[in-house]
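These values consider heavy atoms only, across backbone and side chains, with no hydrogens, waters or symmetry-generated copies.
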Amino acid sequence: MATFTGLSSRSINSLTQKTLPLLTKNTKPHFPFSLLLTLRASKSTLRAVTMSYDKELDAAKNAASLAARLCQKVQKALLQADVQSKSDKSPVTVADYGSQAVVSVVLQKELCSASFSLVAEEDSGDLRNEEGKSTLQRIMKLVNETLASDGTYGTAPLSEEDVLAAIDSGRSEGGPSGQHWVLDPIDGTKGFLRGDQYAIALGLLDEGKVVLGVLACPNLPLSSLASHNLQDDQDKVGCLFYAQVGSGTYMQSLDGSTPIKVHVTDLDNPEEASFFESFEAAHSLHDLSSLIAKKLGVKAPPVRIDSQAKYGALSRGDGAIYLRFPHKGYREKIWDHAAGYLVVAEAGGVVSDAAGNPLDFSKGRYLDLHEGIIVTNQKLMPALLKAVKESLNEKASSL
């Protein structure tokens, strides 16, 4: 569908208001009816494209960077006692709660919005139990130390109740109306625990569309993964990727280097492509990914890393394809993809489900999609979709 980025949302409203009555008076319209329908359908897209989210982006970058600072401190002193167990068996760390609290506090202080909606992974239920008291105290200490280290968020320390309230601000259900922040406080918790890749992933929805995305990746090298020397301790790590709808994707170091604009690879030969997939076999069907790669003729072995750091790496051309095929019964959450989706899309990439449908973040806390998620550039997408379809059919027929 075409979008008319040269027109403001106000101009679109004026145009439709002046033209639609002509259709009801049996007079010849000044514009084709299909154009009018397109104009109406494009209004939500135009709203996102023509609005500026500069203030929200600055707040999001600050929030994610401070949360990354907290997470880095915890990871350096990581003890097995930091890990709790949730009912869904995914690990929760002190850093997970602390990161969510920091992001919530920073966004609310910087934006001073009367209505603040945050869709996030954690809630404070476990911390309010007697067994969680000591963990809560550690979180409160970390959050206050992190906020104080920045020097711009006041001197009064947060109480335990303040921290609990900040964590619980993430209980929003999201949806198609209004603005909603979407946060994964530590995406890639297992990577975090291993000392590998993880990300603080923060996005903003406006009327159901992702309009802003920030990925703080504390362990991702600033140089390409293809050229990064894992044995060289001098290689600098710590990336901040950010994107605003209609403005492209940028990367800088977490300590604040000059941002550079990044773009996905322009590779058009599938045989030369490399692809990312989840590190953990429990998170994605590696055998299906291998079958797809074989059909494409991909020669390079898969690059397996944790978290939405894959989206960041792909946005700057480190690889050409990202495949994610969760096990049957798993429902993707919007916080696992919202920020990464926009970072790749604004870098010129394409993100869809396995059938080629765009991801819909307007349905609440979950993404309901066909089979899995595929990410690549526009040149490779047709061949990738064909290989995915054939591989899924083969897999289904073998059952």
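With rounding to the nearest 0.5 Å, the separation of CD1 in Ile200 from CG in Leu254 is 7.5 Å. With values rounded to the nearest 0.5 angstrom, Phe241 atom CZ is found 10.0 Å from Leu314 atom CG. Atom CG of Leu204 and atom CD of Gln179 lie 5.0 Å apart (nearest 0.5 Å). Here the straight-line distance linking atom CG of Leu392 with atom OG of Ser397 works out to 11.0 Å at 0.5 Å rounding. One distance of note links CG of Leu164 with OH of Tyr97; it measures 10.0 Å at 0.5 Å rounding. Note that the CG atom of Leu107 and the SG atom of Cys112 stand 11.0 Å from one another [nearest 0.5 Å].
Between the side chains of Asn62 and Glu110, at least one donor N or O lies within less than 3.5 Å of an accepting N or O. Using modelled atom types and a 3.5 Å distance limit, the side chains of Asp287 and Ser290 yield no donor-acceptor pair. Using modelled atom types and a 3.5 Å distance limit, the side chains of Ser104 and Ser169 yield a donor-acceptor pair.
Of all non-hydrogen atoms in Asp168 and Ser124, the two that sit nearest each other are OD2-OG, 2.6 Å.
With sequence neighbours left out, Leu291 forms a side chain to side chain contact (heavy atoms under 4.5 Å, CB included) with Lys295, Ser391, Glu394. Annotation: side chain to side chain contact (heavy atoms under 4.5 Å, CB included) contacts of Asp196 (sequence neighbours excluded): Arg194, Asp306.
For Lys379, the NZ atom sits in a packed shell: over 12 heavy atoms of surrounding residues, nucleotides or ligands are nearer than 6.0 Å. Around the CD atom of Glu390, the shell of radius 6.0 Å holds more than 12 heavy atoms that belong to other residues, nucleotides or ligands. Shown here is Tyr366, whose OH atom has no more than 12 heavy atoms of other residues, nucleotides or ligands within 6.0 Å.
The backbone N or O of Pro185 sits nowhere less than 3.5 Å from a side-chain atom of Gln100 that would complete a donor-acceptor pair. Between the side chain of Asn129 and the backbone N or O of Gly132 there is no donor-acceptor pair closer than 3.5 Å. In this structure a side-chain-to-backbone donor-acceptor pair under 3.5 Å is present from Gln308 to Gly340. The backbone N or O of Ser307 lies less than 3.5 Å from no partner atom in the side chain of Asp187, so there is not a single donor-acceptor pair. Without hydrogens or angle criteria, Ser99 side chain to Ala67 main chain gives no donor-acceptor distance under 3.5 Å.
A salt bridge links Glu161 to Arg128: one of the charged nitrogens lies within less than 4.0 Å of a carboxylate oxygen. Remark: Asp336 does not engage Lys333 in a salt bridge, criterion side-chain N to carboxylate O under 4.0 Å.
Each of Leu267 and Leu323 belongs to its own hydrophobic cluster when Ile, Leu, Val, Met, Phe, Trp and Tyr are linked at side-chain heavy-atom distances under 4.5 angstrom. Both Leu385 and Phe275 are members of a single hydrophobic cluster when ILVMFWY side chains are connected at heavy-atom separations under 4.5 Å. Taken together through direct or relayed side-chain contacts under 4.5 Å among Ile, Leu, Val, Met, Phe, Trp and Tyr, Leu367 and Tyr330 form parts of separate hydrophobic clusters.
Inter-residue side-chain proximity for Asn377 and Thr265 is flagged as met; some heavy-atom pair is nearer than 4.5 Å. In this structure, Leu384 and Ile292 have side chains that are in contact, with non-hydrogen atoms separated by less than 4.5 Å.
Aromatic ring orientation, Phe361 versus Tyr341: tilted (interplanar angle from 30° to 60°).
For Lys109 and Tyr153, the positive end is not near the middle of the six-membered ring at less than 6.0 Å and at most 45° from its axis.
Each side chain to side chain donor-acceptor pair (under 3.5 Å) pair with one or both residues in residues 342-361, not counting sequence neighbours, appears once here: Asp353-Asn357, Asp360-Ser362.
Considering Ile334, Asp368, Ile373 in turn, Ile373 is the only one that fulfils the side chain to side chain contact (heavy atoms under 4.5 Å, CB included) rule with Leu359.
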